[in-house]
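Below is one structure, written out as structure tokens; the observations come after it.
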Amino acid sequence: MIRIRPLAEGEARALWAVFQSSVRETASADYSPAQIDAWAPAVYPGAAWETRIARNAPWVAELDGRIAGYADVQADGYIDQFFVAGFAAGRGVGAALMRAIEQHAGTLGLAQLYADVSLTAQPFFRRHGFTIVSEQVVTVRGERLRNARMRRVLAAG
């Protein structure tokens, strides 16, 4: 069973584990080991990560009582983070998180959602109505990674 809920205090480290799993287990099919190490370094970044998570205020997905993913949407419609742990891939966690984001976007009165989406996640975002606005190359810790800016126009309420 999938449960979506707001972030609880003290969960930043658990979300780091989801992020690590998502990048290292799932995205590793589309990025080199050096790119993966740059994107998801093995060392927990501590306060910087905790501040980012608190600022983003993500929705957290639990699968059978275990944290399996998280995603946020900012006031302008930007999805900064959207990650599903490797053990939960293909089990509906991402779809449940996307529904939560869409509902929240509706309460905010947003006209669109947009995100910088990895090669790995682009098919998922396409299935959820996003289209590529532009392809990008970003530099992370000295490594160049390809991704795409993707956007979805939301139905008028």
>> Check whether Tyr114 forms a cation-pi arrangement with Arg152 (NZ or CZ under 6.0 Å from the six-membered ring centre, at most 45° off the ring normal).
In response: no
>> Salt bridge check, Arg52 against Asp72: does any charged N sit closer than 4.0 Å to a carboxylate O?
In response: no
> Would a distance-only check, ignoring hydrogens and angles, find a side-chain to backbone donor-acceptor pair under 3.5 Å from Asn56 to Pro58?
Replying inline: no
> Distance-only, no hydrogens or angles: does the Gln103 side chain make a donor-acceptor pair with backbone N or O of Ala100 under 3.5 Å?
Replying inline: no
> Centroid-to-centroid, Phe124 to Phe82, below 6.0 Å?
Replying inline: yes
>> I need the single residue from Ile36, Val23, Thr120 that forms a side chain to side chain contact (heavy atoms under 4.5 Å, CB included) with Ser28. Which is it?
In response: Ile36
> Do the side chain of Tyr31 and the main chain of Leu119 share a donor and acceptor less than 3.5 angstrom apart?
Replying inline: yes
>> Looking at Arg146, is its backbone amide N or carbonyl O close enough to the side chain of Glu135 to form a donor-acceptor pair, meaning the two atoms are under 3.5 Å apart?
In response: no
>> Using modelled atom types and a 3.5 Å cut-off, is there a donor and acceptor pairing between side-chain atoms of Glu25 and backbone atoms of Gln20?
In response: no
>> Tell me whether Glu50 is salt-bridged to Arg55, with the criterion being a basic N under 4.0 Å from an acidic carboxylate O.
In response: no
> Are the side chain of Ser21 and the backbone of Gly86 linked by a donor-acceptor contact shorter than 3.5 Å?
Replying inline: yes
> Is it true that a side-chain atom of Ser118 and a backbone atom of Ala121 form a donor plus acceptor pair closer than 3.5 Å?
Replying inline: yes
> Do NZ/NE/NH1/NH2 and the carboxylate oxygens of Arg91 and Asp64 come within less than 4.0 Å?
Replying inline: yes
> With distance as the sole test, does Thr51 use its side chain to make a donor-acceptor pair with the main-chain N or O of Ala47 at under 3.5 Å?
Replying inline: yes
> Is the Trp59 to Tyr70 ring centre distance short of 6.0 Å?
Replying inline: no
> How about Asp116 and Asn147: does a side-chain donor come under 3.5 Å of a side-chain acceptor?
Replying inline: no
> Do the rings of Trp49 and Phe19 sit parallel, tilted or perpendicular, given the 30° and 60° boundaries?
Replying inline: tilted
> Where do Val140 and Ala38 come nearest, in terms of heavy atoms and distance?
Replying inline: O-CB, 3.2 Å
> Passes side-chain contact (heavy atoms from CB on, under 4.5 Å), Asp37 versus Gln35? Steps please.
Replying inline: CA-CA 5 Å; Asp37 285 342; Gln35 290 171 317; over 6 Å; no
>> Please determine whether residues Ile79 and Leu110 belong to a single hydrophobic cluster, defined as Ile, Leu, Val, Met, Phe, Trp and Tyr linked transitively by side-chain heavy-atom distances below 4.5 Å.
In response: yes
